[in-house]
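Order of the sequence lines sets the chain letters (A, B, ...), proteins ahead of strands, with each chain counted from 1. Remember, it's a predicted structure, so these values are computed and weren't measured experimentally.
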Amino acid sequence: MSDEAVVTMTGVAKRFGGVVALAGVDFSVRAGEVHALLGENGAGKSTLINVLSGVITDYEGTVAVDGSPVRFAGPAAAQAAGIATIHQELDLVPGLSVAENLVLGREPRTRLRTVDRRAMLRTAREQLGRLGADLDPRRLLGSLRVGEQQLVEIAKALLLDARVLIMDEPTAALADAEVRRLFATIAGLRREGVGVVYISHRMEEIEQIADRATVLRNGSVAGTVRPGETDRGRIISLMVGRSAESLFDVAAAPDGPADREPLLEVDALSVRPKTVRPGRSEPTGVTLTVGAGEIVGLAGLMGAGRTELLETLFGAGSPGRRSGTVRLGGQPYAPRNPRAALRSGVGFVPEDRRRSALVLAHPTGRSIALAALGSLSTLGVVRRGRERAAVRGKMAELAIKAASAAAPVGSLSGGNQQKVIFARQLLVRPRLLLLDEPTRGVDIGAKAEIYRLLHRLAADGMGILLASSELPELLGVCDRVVVLRRGAVAADLTAADSTAEDILAAAMGVAVAGKDSR
Amino acid sequence: MTDTRTPPGEEVAPAAGTVGLRGTAARWVHRPRSRRELLDRLFAVQSLFALVVVFVVAIAVSPRRGGEILFLDGGNLGNIVRAVSEIGIIAVGMTFVILLGGIDLSVGAILGLSAVGTATLMVDSGYGILPAVVVVLAIGLLFGALQGYATARLGIQSFIVTLAGLQVARGLARIWSGGLGIPIAYGDGPKEAPPAFEFLNGSINGVVPVPAVLFIAIGVAAIVVLRTTAFARHVYAIGGNEKAAKLSGVPVTRVKVAVFAIAGLLAAVAGIIHAGQLNQGSPNDGAGYELDAIAAVVIGGTSLAGGSGSMGGTLAGALLLGILNNILALNNIDANVQLLIKGLVIVAAAALQKLRNTVA
Amino acid sequence: MTDTRTPPGEEVAPAAGTVGLRGTAARWVHRPRSRRELLDRLFAVQSLFALVVVFVVAIAVSPRRGGEILFLDGGNLGNIVRAVSEIGIIAVGMTFVILLGGIDLSVGAILGLSAVGTATLMVDSGYGILPAVVVVLAIGLLFGALQGYATARLGIQSFIVTLAGLQVARGLARIWSGGLGIPIAYGDGPKEAPPAFEFLNGSINGVVPVPAVLFIAIGVAAIVVLRTTAFARHVYAIGGNEKAAKLSGVPVTRVKVAVFAIAGLLAAVAGIIHAGQLNQGSPNDGAGYELDAIAAVVIGGTSLAGGSGSMGGTLAGALLLGILNNILALNNIDANVQLLIKGLVIVAAAALQKLRNTVA
Amino acid sequence: ATSACSVEKQSDGAGSGSAASSENCGSGKDFLIGMSQANNAEPYRQVMNNDIETAAKAVPGFTVEVADAAQDNSKQVADVENFLTQKINLLIISPNEAKPLTAVVKKAYDQGIPVIVLDRKVEGDAYTAFIGGDNVAIGRAAGEFYAKTLLPDGGKVIEIAGLPGATPAAERAQGFREGIKSNPKIEIIASQPADWLRDKGQTVADALLKAHPDVNAIYAHNDPMAEGAYLAAKSAGLETKIKFTGIDALPVPSGGIKAVQEGRLAATFQYATGGREAVDLAKKILVDCSKDVPRSTTLDTMQVTAENAAEAYTKLGGV
Ligand SMILES: Nc1ncnc2c1ncn2[C@@H]1O[C@H](COP(=O)(O)OP(=O)(O)OP(=O)(O)O)[C@@H](O)[C@H]1O
Ligand SMILES: Nc1ncnc2c1ncn2[C@@H]1O[C@H](COP(=O)(O)OP(=O)(O)OP(=O)(O)O)[C@@H](O)[C@H]1O
Ligand SMILES: [Mg+2]
Ligand SMILES: [Mg+2]
C-alpha cells in the first residue's frame, strides 16, 4: 500500500432539488487499499460514488486522478480513467447472455469488426472462474437468481482491470460462501495495487477487509477511522451522531407463553408449478407453524426456496398444483392471489423493493395507503381525511424520514423506502406478516428500529415469518428458525439454543447431532 | 437529532430518537412546502399554461372584421369546443388507458361502429332513443372490456390487441352498414329517428353546443373520479409498477378490463354524438381519431410510460388542439403547412413536458 | 466441482475449480444443451413455424383451376414476396427500433416522401439514377436521425416524436409534389427518367421480382448485422435496460440516432422501390404501412417492450402477412371480413408469442 | 337526354377493339369478373360496387368478385395480380391513380383479358374500354349553374375541396373556375380541403363561416362535405342565407339527391358510377362476343335540383 492517492475528491457537494445529498466531502483512495464508506441510509454514499464514477456530472468540488483534476462526461469517461463501479442497484441486461453482459460496451472484435464470440466466452469463463462462480456464460442473464446476477455484476467490474474499483453494497444479495470468495478476490486485487472503495451496512465485513473507513453523516464526513483498531460502538456513533448504546437496547425476543395459539399451520405443502422455471425451488413438503405473537425465521442458502415459500403463502407463487394443507387461525387458507391473502389478514414485504413494491415517482403517502384503500374509502371514494390520518400515523410510528408525505418515494433513502413498504402492510392490520429480507440494504440504525418494530408487533399478537440471509439477524430476532434446503424443511430450531453453525450445517445438508434436523 | 437534509422552515415527521414514537403525530399539511414543490405546482398546470399561450397567440393572429376579433366570437369559441368534443371524450378514456401504461388504437373504429349502430338501430330497426343508446353503449363497453381482458389475461400488449380491435371494429361497422352511411332523418314515420335525438345538434341558450356540454361534463366527472376514487389509485399504481400493484392487493385484471371498457364506452358516447352531429352513421368515420386523442393526452402531460399524468391536462390538450385547428383554418393556412405546424406543436408540447420532468 | 444443475449427457464448459481458466478453452458448440435451451430453440423458430402453418393452410384452401393449385403458381409466389417487399424492408428497420424499445410511426410517410423525391428529382430536376437515389436516401437517413436525436436527447418518447414526424413528412411530401402524384416516364428526353430505373419493375430470370430480391438481401444483411455486430448488442442492451447500457459505456445517444436513421434509410429504400414499382411518386402513398410493419415485427416474435426479438422472425412475419393477404384475396373473401380475419390472426400470433415467453 | 345512362360514343383512333380472345365468349358459359376497387371507404365507390353487383346478378353466368385496395396503389396492383392468378375472364378496374396501375392493367390486357376501366383512366391504350365521368365538365357545369342560376347577380363563394392530391379534387376545382368565368361578379373568397369527409367539412366550414359570414354559397367537391358545411351553417344560424351545392348525387339514402330533395342542398351534380354501363359492356364482350365496343364512354352529368330530385332518385336506381 502506498500513500499516493490515486483518486482525490475535495469539497464535493451535490443537491437534489432541496435535498443536500453531499455538503463538501473530501475523500481519497490510495492504490492497494480498501477504503470503506459507511453511513446511514441516505447519508450520501451512493451519491459520492456516483460522482466518482461519472454518473453524476453536475456537482460542485473537484475530482482529481493522479493529482490532476478531471471532470468525467459520463460513465465511459470514468471507466477510461480506470475507475470501475459495481452499482447498488443491479444494472444488467436481462435479455443478453452472461457473457454479453460482461463485455457490454467493450466487445472484443474480430478483424471483420464483428463480435469475437470465442474471445468473449473465454473472457467470461475466466472472469467468472476468478470469482468461483459456476455459471454457464451463455445463459440468459434474466434466468439467473439475484445472487448470481450480483456475481456477474462483480465480474463485469473486475473485467475493466481498473485502478480503482468501487463496490456499492456488493454483498447485499450474496450468501456467506460467495461473500468469502469475493473477499478473497478483493485481497488479490489489493495485492495487485488496485484501490477499492467498499460500501456495506454489515459491520463485520468492514472490520474484516477495510484498511480505512470514512463515515458519512448527512452528506458530510463525520470522521475517518481504521476499522480493525476502532471500537465498533464508536464507528456507529459516528454514523448516527449519538451514542451507540441507545440503538442496541433491543431486548432479546420477549419470551411469550411457551404454547402459543398456532396462527399459521402449514402441513406438507408442495407446489408443482404449471411451467417449470429454472432456478426456482418450489416448496416441497413444507411443514411448519407460526404461532400468534411468534417470530419465526426462515433460513437457507441462496436459492433454498424461502422466497418461493413466502410467495406461495401470499398467493403470489408460481401457478400450478399445490398439495398439502395450510390453515390460518384454524381456517383452511389457500389464497388465489395477493388480494385474497390480504383479505385473510396476511401481509407480505417482498425482497426486491424497487421492482416488486414501489413506484418511485409516486408520493410517499399514496404508496403507504395503496393496500388499505378498501378500508379507507366509502363507495369507492377515498376519504382523504381518513387516509391522511392513517398515513400520518404510520409515518410517525415507523419514524419514516421524508420531506413530506407528498415527496416521491424515490427521493427517500433505501431504509426509509423499506419502511414505507412496512407501513403499507401494517395499514391493512395483518394477523400474519411475511417478510422477505426486510433489512437488505438497510442501515444499522434503521435495522434496529425494524427489529424493535417486529417485537412490538409480535407482542400485539401478530405472527411473523421472516426470511433472511443474515444469520445474526435470524438468531437475534426470532423465536424459532426454520431452515430450508431445496424447497424442503431441513431443520426447525429454537433460536435461543442454536448457533450460526447449526443453521449453516442444516442449510448445507450436514446432520447436526442432537438437534431437530430432518 | 435533527435532519439536516430537510430544508429549513418545513414541518417534518419528528425523527425517531428513541423507541416508541407512537403519539408524536407529525402533521401532514397540504400547502406547498418548498421551492421544489412550488415548482411542481406551477408545472402541474403546465398544459394549462400552454393552452393559455396558444389562446393568446390565436387572439393575436386572428383575422378581424370591423375591429371584431373573429376568434373570440362567441359562436367561434362554441364551435371549437364542439369540434373537439368527440376527440376530447375519446381522450378522456385514453387518459385512463395511458395512465395504466397501455394504449388504445381502436377507439376511432369503435366510434365509427357506434355511429353506425346508433343510426341503424333508430332508423332501420325502429328503436327509441334510449334503447338505441343503451345498446350502442353496451357494445362499446363490451368491445373495450374484451380488449382489456385480452391484454390483462393473455398478457398481449395493448398496442397489438387494439390494433387488431381497430380492424375488427371497422370491419363490423362496414358489414353492419353495408358500407354506406346511414342517414338519420327525423320524424315519427318508419325509417325515421325520434326528433328528440336532434338535441345533439342544438345548443344551450343558443350559445353552448350540446356536444361541448357533454364533453365538459364528462371531463369534469373524469377529473373527479381520477382525484377521489380508489379505482384511480389502482390505475396509477398499475401504470407505475404492475407487480407492486399486484402484491399490494390491487385487482389488476379487473382494473385493466374496467379501464379498457371505459375507453370503449366513451368511444361509443363519442360515436353517438358523432351520429347526432352529422345526422348520419358512417362506417368509415373516426379514422385516425385515436392518434388525435393520444396527442391530446400527451400534450396534456400524461406520460406514455404510464403511472403519471392528469385528466385536467388532457382536457387542456384537447382544447389546445382544437384552437390550433381553428386558428389555422380561420387564417386559411395551406393544409400541408397545417400538417407541419401541428407536428411541430406536438413535439414542442412534449418537449415542454419533458422539461418539467427534468426540473421536478 | 461439478454442475449438478446441468442435465446429464451434455457438454459443459469445464467449471472453474481454481483461478485461471486461461488456456482451457471451452468449446462453444452450437447444439442445444438442456431441455430448456431445446425449448428455446424450438420456440425461436416459432414465427417460422407459424409461417409454415399458414403456408400449408394456404395450399389447402387455395382455389384450384384445372387441378392446378393457384396459390403455388410460380408467379403467385413471386407476387407475394414482391407485394410484401416494401412493408418487409420497412419492418427490418422497425425491428431495430422496436428492439431498442422505441416505435417509429413515421416510416409510411417517409416512404411517401421518398417516392415523391425519387420521381421529382429524376423527372423534374433531371437527376440521374444514382444522384437521385443518393439524395433520397440521405433525406430518409437524415429525417430518421433527427427523430432519433429528438428521442435520445430531448428524451421525448419515440411514439410522439414519430407521430409528429409522420405529419411533417406527409406535409413535406405534399408540398414537394404540389399535392399530386408525379408520374415517371422513361426515356432520354427532358421530364423523363433514365430507363434503367425500370429495372425495379423487372424480375430476375423472369421469375423473381427485383423488389423481392432486394427485400431478401436487406433482410439477410440485417440478420447478419443483428447476429454479429457490437452495434446490435448495444441495441438489445438499450432496449433491455437502458440504464445498464449507459453505465456500461454504451454510447446510447449515438446508437439511438443510428437506429432511427436506419429506419428512415430503409423507409427511403422502400420509397424508391415504391416509385419504381408504380412508376410514380405519390405523396399520399405509404399511409398506414407503419402499422403493417409493426404487425410483421410483432408476429415475428419481437417484444414491443424492447430488448428481445429476432430479425428472422420479422421476415417470417412479413411473409406470413403477405401470404394471408394473398390467400384471402385469392379466395375472394369480402374485404370487410378480411379485416376481421386479419385482426384475429394478429392477436393469435401475439398470443402464441406470449405463450413462448411464459414457457421460456 | 340528360341521363347519365346516355352514352356518348367516341371511337378514338385505337378502336381496333380489344385483344381479348373470342374463344372464351358465348352465352351459357360461366364468367368470373374481377372488380378492383380503389377504396370501398368512399361512398361513391361503394355505390359503384353495388351497381356492378346488382347489374351482374341480372346476367346469367356472371360472378363478380370485388377487391378493395383501401386507397393503396400497391395493394391495388396486388389485387389485380391476384385476379390474374385466379384467371378471371374480365377485369373491371376503378384505379386509385392512373400511372401506378397502368403497368398491371397492361399486363392483364396483354394476357388477353378484356379490361374495362372505370372512372379514372390509366395511361396508354392497353385496355378494352373506358367508362367515366368528366370531372372538369362536372365542375364546369356546377360553375355555370352558379353563374346563371344560383348567383346570377354575383356573390361570394367558399370552396370546400377534396383530399389534397386527389385528381378529382383538382379537376372539380379547375372546372368550377372555368364555369364561373362568365359571371365576373362571382368571387371565390376561400378554399380549404376537407378530405371528402362530412365531419371535416363541418369543422372547416365552422371556421370559414366565422371568417366570412357574408358568404353567399358554398361549393363543395362532394355531397358529404356540402352536408357538413350545411350543418356548420345551421349551428351558426346561417343555413337559410347560404346556398350549398355538392357533387356525386348518389341515389342512396345518405346521398346528395336526398339532401336536395329535403332542401339542404340547392343542387348536386351527378358523377355517374358507370357500374351498370360496365356490366352492360362486359355482357357485350363476354356473352355477345362483340368485338366492336365503344373505346371510351364519357358519362354525362345530371344536374339535380329540387325540381327533378325525386325523379332522378328513382331513375338512377335508388331504393
Ligand atoms: N435522484 C435523486 N433525487 C432526489 N434525491 C436523491 C436522489 N438520489 C439521492 N437522493 C437523496 O440524496 C441523499 C443521499 O442518497 P444516497 O443514495 O447517496 O444515500 P446512501 O448513503 O447511498 O444510502 P443507502 O445506504 O440507503 O444506499 C438521500 O437523502 C436521497 O434521498
Ligand atoms: N431463474 C429464475 N427464474 C425466475 N425467478 C427467479 C429465478 N431465480 C431467482 N428467481 C427469483 O428471484 C428472487 C430472488 O432470488 P435469490 O437469488 O435472491 O434467491 P434467495 O432469495 O437467495 O433464495 P431463496 O429462494 O431462499 O429466497 C426470488 O423471488 C426467486 O424466486
Ligand atoms: Mg446507496
Ligand atoms: Mg429470497
Between CD1 on residue C:Ile156 and OG1 on residue C:Thr162, distance to nearest 0.5 Å:
11.0 Å
Chi angles and distances behind the side chain to side chain contact (heavy atoms under 4.5 Å, CB included) call for C:Lys256, C:Val252:
CA-CA 6 Å; C:Lys256 280 190 176 176; C:Val252 175; 4.1 Å; yes
Spell out the residues in residues 320-337 of chain C that have some non-hydrogen atom less than 4.5 Å away from a non-hydrogen atom of chain B, in order of number; otherwise answer 'none'.
C:Asn336, C:Val337
Where do B:Ala318 and B:Gly88 come nearest, in terms of heavy atoms and distance?
CB-CA, 4.1 Å
Determine the minimum heavy-atom distance between C:Gly281 and C:Ala119, stating which atoms define it.
N-CB, 3.7 Å
Heavy atom to heavy atom, less than 4.5 Å: which residues from residues 164-178 of chain B reach chain C?
B:Ala164, B:Gln167, B:Val168, B:Arg170, B:Gly171, B:Leu172, B:Arg174, B:Ile175
If we define contacts as heavy-atom pairs under 4.5 Å, which of C:Val161, C:Ile294, C:Ile341 has the most with chain B?
C:Ile294
Side chains of residues 97-113 of chain C: which donor-acceptor pairs under 3.5 Å do they make with residues two or more places apart or in other chains?
from, atom 1, to, atom 2, distance (Å)
C:Asp104, OD1, C:Ser106, N, 2.8
C:Asp104, OD1, C:Ser106, OG, 2.6
C:Ser106, OG, C:Gln147, OE1, 3.3
C:Ser106, OG, C:Gln147, NE2, 2.9

Using the test side-chain contact (heavy atoms from CB on, under 4.5 Å), find all partners of C:Val136 that sit at least two apart in sequence or belong to another chain.
C:Ser114, C:Thr118, C:Leu121, C:Ala268, C:Ile272
Distance in Å, B:Glu86 CD paired with B:Asp292 CG, rounded so as to fall on 0.5 Å steps:
11.5 Å
Heavy atoms, side chains only, cut-off 4.5 Å: are B:Thr253 and B:Arg153 in contact?
yes
Could you check whether any side-chain N or O of B:Tyr149 sits under 3.5 Å from a backbone N or O of B:Leu154, counting only pairs where one atom can act as donor and the other as acceptor?
no
Heavy-atom pairs under 4.5 Å with chain C - which of B:Ile160, B:Leu304, B:Leu291 has more of them than the others?
B:Leu304
Just verifying a value: how many Å separate C:Met94 CE and C:Thr302 OG1, rounded to the nearest 0.5 Å?
11.5 Å
Side chains of C:Ile90 and C:Glu290: does their closest heavy-atom pair fall under 4.5 Å?
no
Under 4.5 Å, counting heavy-atom pairs only, tell me which of C:Val345, C:Leu340, C:Ile346 racks up the most with chain B.
C:Leu340
